[in-house]
Amino acid sequence: MASRTLSVSSLATAFASFPRPKPPPPPSLRIPISPVSRIRASPLSTAAAATDGDADGVDTVEQILVAKPTTSSGKGRIDRLMKMQRRADGDGDGRRWFPYLDVFRPAAAEGGAELSSREVVEVLEPHIMEARRERISRAVENRSYSVCLVVEGLSDFGNVSAAFRSADALGVQSVHVISCDNNKRYRDNRHVSMGAEKWLDIELWNSTAECFHALKRRGYLIATTYLGNDSVCVYDMDWSHPTAIVVGNELRGISDDALKLSDLHCSVPMKGMVDSFNVSVAAGILMHHAVRDRVSRLGHHGDLLPEESKILLAEFYLRHRESTAGIVHEYAKRKAGNVMAKL
């Protein structure tokens with residue numbers, strides 16, 4: 001750019017004597033774009049949903065992370081994002097965690113009967129474009145809860161957004177956020193995530209201890225990213241075991257509480273002059289290696305059971321847009337009315 005600037009400056013006098021071409025006509029205010037060349041966002045992004053007429057904007061990261069938690073568990077507005085009935089932490093066999101029951105329960109204010117995932121899918125399928133249904137099905141097929149991401153005390157929502165986007169792209173469905181700075185704003189960084197937050201299970205926690213205890217009850221091994229003498233190289237870890245990857249604050253790193261409560265410390269080998277990665281980059285590298293290791297050992301990363309895939313498919317259909325949730329609520333009301341009529 002510097003050489004170009006100097007060249008233009010030095011030849012300005014010579015060019016001044018040349019006849020000036022006529023200015024081009026003003027561009028049309030409406031430029032036709034052929035359907036083939038039109039650029040569109042990923043069908044799974046909130047941006048894409050908006051182009052399809054989905055302007056709900058309810059489940060954005062800004063609303064989920066900035067809003068102060070409203071419950072003692074610190075989960076805040078998790079219920080606004082997750083639609084199917086949630087499983088309690090104490091449920092399950094402690095070896096395999098899947099968060100949903102095969103039940104869609106309308107809110108008390110909405111009324112209506114409970115629905116199964118099969119009913120939800122059958123009701124909504126005609127209202128979702130085929131290409132989008134196929135994209136959602138592929139995403140569900142490659143989802144797993146065996147690896148989850150925990151971000152502890154991140155203050156830069158751009159990093160949170162980038163981590164979410166990597167989690168969605170790699171099929172990591174479960175993400176946990178501990179003690180976010182509620183004074184920070186997310187809106188200016190929302191393009192970084194490409195709407196990934198809409199398709200992830202995001203849980204909020206007030207403290208590291210609460211989060212870690214819940215994850216251990218669900219059967220996860222807690223691996224904190226820490227560069228120390230006792231750290232295990234990520235290349236030497238067995239990622240086939242359910243593992244929670246924990247990344248820390250941009251400046252302070254992993255907290256002392258997290259180091260004490262974790263099951264192991266892991267690190268990514270670095271060959272340069274600096275001794276750390278950007279936190280969102282580190283999260284992406286760890287998740288990518290975990291997925292590759294699981295594919296190498298197991299032959300696949302996505303590991304949902306058939307019944308779990310049906311439930312998550314119903315969950316994604318419900319998240320497709322607010323109008324689809326309204327359709328299900330109306331069906332649930334009609335079902336409840338039919339049951340009462342038979343009685």
Side-chain angles (χ1 to χ4, degrees), residues 89 92-99 143-154 159-160 162-180 200-205 207-270 275-298 300-303:
D89 276 341
D93 57 12
R95 291 180 292 106
R96 177 184 180 83
W97 172 254
F98 182 75
R143 282 308 207 244
S144 174
Y145 287 87
S146 296
V147 175
C148 71
L149 175 67
V150 181
V151 292
E152 185 199 29
L154 295 188
N159 283 329
V160 177
F164 283 178
R165 185 173 177 178
S166 295
D168 173 69
L170 293 168
V172 175
Q173 180 65 20
S174 179
V175 176
H176 302 259
V177 181
I178 304 172
S179 301
C180 277
L200 299 173
D201 291 358
I202 302 171
E203 297 187 58
L204 308 183
W205 304 92
S207 73
T208 300
E210 281 182 319
C211 178
F212 282 20
H213 290 158
L215 289 175
K216 288 183 178 182
R217 285 195 301 271
R218 299 176 188 181
Y220 286 98
L221 190 73
I222 310 294
T224 52
T225 53
Y226 177 70
L227 191 61
N229 294 331
D230 61 344
S231 295
V232 179
C233 177
V234 293
Y235 304 145
D236 298 329
M237 293 176 58
D238 181 356
W239 293 94
S240 61
H241 187 283
T243 305
I245 300 170
V246 186
V247 295
N249 180 271
E250 296 89 340
L251 299 177
R252 299 184 299 274
I254 295 291
S255 69
D256 292 338
D257 286 344
L259 293 175
K260 293 176 187 175
L261 295 172
S262 60
D263 297 300
L264 62 91
H265 306 153
C266 65
S267 63
V268 180
M270 288 169 284
D275 59 359
S276 65
F277 288 107
N278 169 276
V279 64
S280 62
V281 172
I285 291 174
L286 287 162
M287 288 187 289
H288 182 264
H289 181 74
V291 171
R292 286 191 60 188
D293 183 78
R294 286 172 52 77
V295 171
S296 176
R297 294 175 186 272
L298 307 174
H300 54 83
H301 170 62
D303 59 356

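- Between the side chain of D257 and the backbone N or O of T208 there is no donor-acceptor pair closer than 3.5 Å.
- Checking side-chain atoms of S144 against main-chain N and O of S146 turns up a donor-acceptor pair under 3.5 Å.
- Of the candidates V268, I245, I285, V234 forms a side-chain contact (heavy atoms from CB on, under 4.5 Å) with just one, namely V268.
- Between the CE atom in M287 and the NE2 atom in H301 there is a gap of 9.5 Å [rounded to 0.5 Å].
- In terms of modelled atom types and a separation under 3.5 Å, the side chain of H288 and the main chain of G284 share no donor-acceptor contact.
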So R143 and L200, side chain to side chain contact (heavy atoms under 4.5 Å, CB included) or not? Walk me through it. CA-CA 10 Å; R143 282 308 207 244; L200 299 173; 4.2 Å; yes
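- The main-chain N or O of C211 is never found under 3.5 Å from a side-chain atom of H176 such that the two would form a donor-acceptor pair.
- Interatomic distance, CZ of R96 versus CZ of R218, reported as 14.5 Å (0.5 Å rounding).
- Ion pairing between a basic and an acidic side chain is recognised when a charged N comes within 4.0 Å of a carboxylate O; R297 and D293 show such pairing.
- Of the possible donor and acceptor atoms, none in the side chain of T225 sits under 3.5 Å from a partner among the backbone N and O of S267.
- Of the possible polar contacts, none joining the R294 side chain to the G302 backbone as a donor-acceptor pair under 3.5 Å is found.
- In this structure, A244 and V150 approach most closely via the heavy-atom pair CB-CG2, 4.3 Å.
- Listed for the S262 side chain is a donor-acceptor partner under 3.5 Å among the backbone atoms of A258.
- In this structure, the separation between NE2 on H213 and OG on S207 is 8.5 Å, given to the nearest 0.5 Å.
- When every heavy atom of D303 is checked against every heavy atom of Y145, the shortest pair comes out as OD1-N, 4.2 Å.
- With contacts defined as side-chain heavy-atom distances shorter than 4.5 Å, the pair F277/V247 does not qualify.
- The CH2 atom of W97 sits 9.0 Å away from atom CZ of R217, with the distance rounded to the nearest 0.5 Å.
- Of the inter-residue distances, the one linking M237 atom CE with L264 atom CG reads 4.5 Å to the nearest 0.5 angstrom.
- In this structure, CG on D238 lies 7.5 Å from OG1 on T243, to the nearest 0.5 angstrom.
- In terms of modelled atom types and a separation under 3.5 Å, the side chain of H265 and the main chain of L259 share a donor-acceptor contact.
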